[in-house]
Amino acid sequence: MITPAKPGSRAGNRATAERWQWLLQRAGHRVTVVTEYAGEPCDAFIALHAWRSVEAVRRFRSSWPERPLIVALTGTDIYRHQREYPEDTRYSMAEADALIGLHDRLAADIPAGFSDKLVTLYQSAAGPEDFPQVQPEVAGADFNVCVIGHLREEKDSLRAACASRLLPPESRIRVLCAGKPHNEQWQAMAEREMGENHRFRWLGELDQAQTRQLMVNSKVMVISSVMEGGANVVSEACRAGLPVIASDIPGNLGLLGEDYPGYFPVQNERALADLLNRAETDPTFLGSLKSAVSRLADRFTPEREQASLEQALALAVQRRSQRA
């Protein structure tokens, strides 16, 4: 399995690769995760990213043309690279014997000829039993809203901070943002927002234990992305029972469902502020969000993700055998 994210990285694609390695090993397979591929022998190859892994895909296809290839499609593959680098991105998609999509609306966003080899996989997350208790000093204090993910354009990472500026003066909402900045510009933007906005605090990059503590200390999570392939942080929130307020992009709709009550128009901080204010002041609305994510929790279990991985592997083997 190849991923562009190096060992030790807290990027989502590294976490995905290592989780898939564990799930496939639990199913009886031997799995090696690499960031470079020189044509080494293997029985099957999984590439995370159609575009970023295209050279590895080419090398695997030329070295082992008869062996099955699986390509996992990311949000940037579908909603950016497919448009900006169509030849390379669609080469990987075309050569794959099976494609993995991370939300159930993805079939509408790839060429129709590829839909018969698409497997929808919902990324899994730990259950509430693996989360800590709310910190005593937090309980009953501010109405914490968390934003989790690297600070970058695709995540629209400061949209909740912008929305918090529009809240009424009596609001107790505080936006806590956790994530590594994509570059110095994003770091400067986060620091400037923190200096100007008393409702906003940037926490920097957190480890898993710190992230889980942030989630249990929060009343709501905002995912404001302009593009997503299917964010694992949504899976984590649903499994933890943390209400989500999400931008109405395909990657969120494809995880939470059309009828989920907590959407706002992408990049619209006025609509986001209205939803945040409603979550804080209307217990019935907040309860409806919590009930909705709780109903979705079983969609994001490790057992279901493992079954989807094995389905994708079996499909790739079958299609490669038929092609041969």
Side-chain angles (χ1 to χ4, degrees), residues 1-5 13-79 81-82 85-124 229-230 254 302-324:
M1 185 183 334
I2 190 165
T3 174
N13 290 317
R14 188 74 204 183
T16 297
E18 292 178 355
R19 191 177 64 255
W20 286 4
Q21 180 183 34
W22 174 72
L23 290 170
L24 287 167
Q25 287 173 338
R26 191 170 73 168
H29 305 288
R30 289 174 295 160
V31 185
T32 303
V33 177
V34 298
T35 55
E36 302 287 340
Y37 179 66
E40 297 91 338
C42 55
D43 299 311
F45 194 78
I46 301 175
L48 271 68
H49 274 286
W51 178 69
R52 293 188 188 281
S53 299
V54 67
E55 292 308 316
V57 169
R58 293 186 195 280
R59 193 165 292 118
F60 175 75
R61 266 290 169 253
S62 63
S63 301
W64 310 101
E66 78 286 359
R67 297 190 180 176
L69 168 67
I70 300 165
V71 173
L73 301 173
T74 68
T76 48
D77 282 331
I78 302 306
Y79 304 113
H81 296 148
Q82 194 176 199
Y85 311 103
E87 184 176 344
D88 285 343
T89 305
R90 295 196 178 185
Y91 170 83
S92 293
M93 295 166 70
E95 288 296 320
D97 299 297
L99 296 169
I100 291 178
L102 303 179
H103 67 81
D104 64 18
R105 291 169 60 100
L106 195 138
D109 297 320
I110 63 174
F114 296 155
S115 60
D116 63 336
K117 57 182 177 181
L118 178 65
V119 173
T120 298
L121 175 149
Y122 299 113
Q123 296 186 89
S124 65
E303 293 76 18
R304 184 161 180 172
E305 186 176 28
Q306 180 178 321
S308 296
L309 280 170
E310 294 191 81
Q311 178 188 353
L313 185 58
L315 177 62
V317 170
Q318 177 190 8
R319 288 176 57 89
R320 177 52 43 177
S321 176
Q322 290 170 346
R323 187 177 303 182

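Throughout, residue positions are numbered sequentially from 1 according to the sequence presented. Just so you know, these numbers come straight off a predicted model, no measurement behind them. Hydrogens, waters and symmetry mates play no part in the numbers below; they use all other heavy atoms, side chains included.
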**Study point:** From His103 atom NE2 to Asp109 atom CG, the distance as rounded to the nearest 0.5 Å
**Key:** 6.0 Å
Review point. Rounded to the nearest 0.5 Å, how far apart are CD1 of Ile100 and CG of Leu106?
Key: 11.5 Å
Practice item. Return yes if some donor-acceptor pair links the side-chain N/O of Gln123 with the main-chain N/O of Gly230 below 3.5 Å, else return no. Key: yes
Point to revise | Under 3.5 Å donor-acceptor, Lys117 side chain and Leu315 backbone | key: no
Revision key, fill the gap. Value for NE2 (His29) from CD (Glu310), rounded to nearest 0.5 Å, stands at 5.0 Å
Review point. If only atom types and distance count, is the side chain of Thr89 paired as donor or acceptor with the main-chain N or O of Ala50 below 3.5 Å?
Key: no
Exercise for review: Count the heavy atoms of every other residue, nucleotide or ligand shown that sit under 6.0 Å from CD of Glu87, and state whether that count exceeds 12.
Suggested key: no
Point to revise | Stepwise side-chain contact (heavy atoms from CB on, under 4.5 Å) check, Glu305 with Trp20 | key: CA-CA 9 Å; Glu305 186 176 28; Trp20 286 4; 2.8 Å; yes
Study note, to complete from the structure: For Trp22 and Pro302 the tightest heavy-atom approach is CZ3-CB, 4.5 Å
Practice item. With side-chain contact (heavy atoms from CB on, under 4.5 Å) as the test, would you mind laying out the steps for Val57 and Ile2 before giving the verdict? Key: CA-CA 9 Å; Val57 169; Ile2 190 165; over 6 Å; no
Practice item. Quick one: pull up OH in Tyr85 and CH2 in Trp51 and give me the separation to the nearest 0.5 Å. Key: 4.5 Å
Review point. Just how far is it from atom CG of Leu48 to atom OG1 of Thr16, taken to the nearest 0.5 Å?
Key: 6.5 Å
Check your understanding: Under 3.5 Å, is there a donor-acceptor pair between the side chain of Ser115 and the main chain of Ala112?
Key -> yes
Exercise for review: Determine the minimum heavy-atom distance between Arg52 and Pro4, stating which atoms define it.
Suggested key: CD-CG, 3.9 Å
Revision key, fill the gap. So CG of Asp88 and CZ of Arg58: to nearest 0.5 Å the spacing works out to 5.0 Å
Got a list of side-chain donor-acceptor pairs under 3.5 Å for residues 63-74, not counting sequence neighbours?
unit_1	atom_1	unit_2	atom_2	d
Ser63	OG	Arg59	O	2.8
Trp64	NE1	Tyr37	OH	3.3
Trp64	NE1	Gly39	O	3.0
Trp64	NE1	Glu40	O	3.3
Arg67	NH1	Cys42	O	2.8
Thr74	OG1	His49	ND1	3.2
Thr74	OG1	Thr76	OG1	3.2
Thr74	OG1	Asp77	N	3.2
Thr74	OG1	Asp77	OD2	3.2

Practice item. Could you pull out all residues at least two apart from Arg26 that satisfy side-chain hydrogen bond (donor to acceptor under 3.5 Å, both in side chains)? Key: Gln306
Check your understanding: How close do Gly254 and Arg105 get, heavy atom to heavy atom, and via which atoms?
Key -> N-CD, 3.6 Å
Review point. So, do Thr120 and Ser308 sit near enough that their side-chain heavy atoms are less than 4.5 Å apart?
Key: no
**Study point:** Within-4.5 Å side-chain heavy-atom neighbours: Arg319 and Asp116
**Key:** yes
Check your understanding: Do Thr35 and Arg14 have side-chain heavy atoms sitting under 4.5 Å apart?
Key -> yes
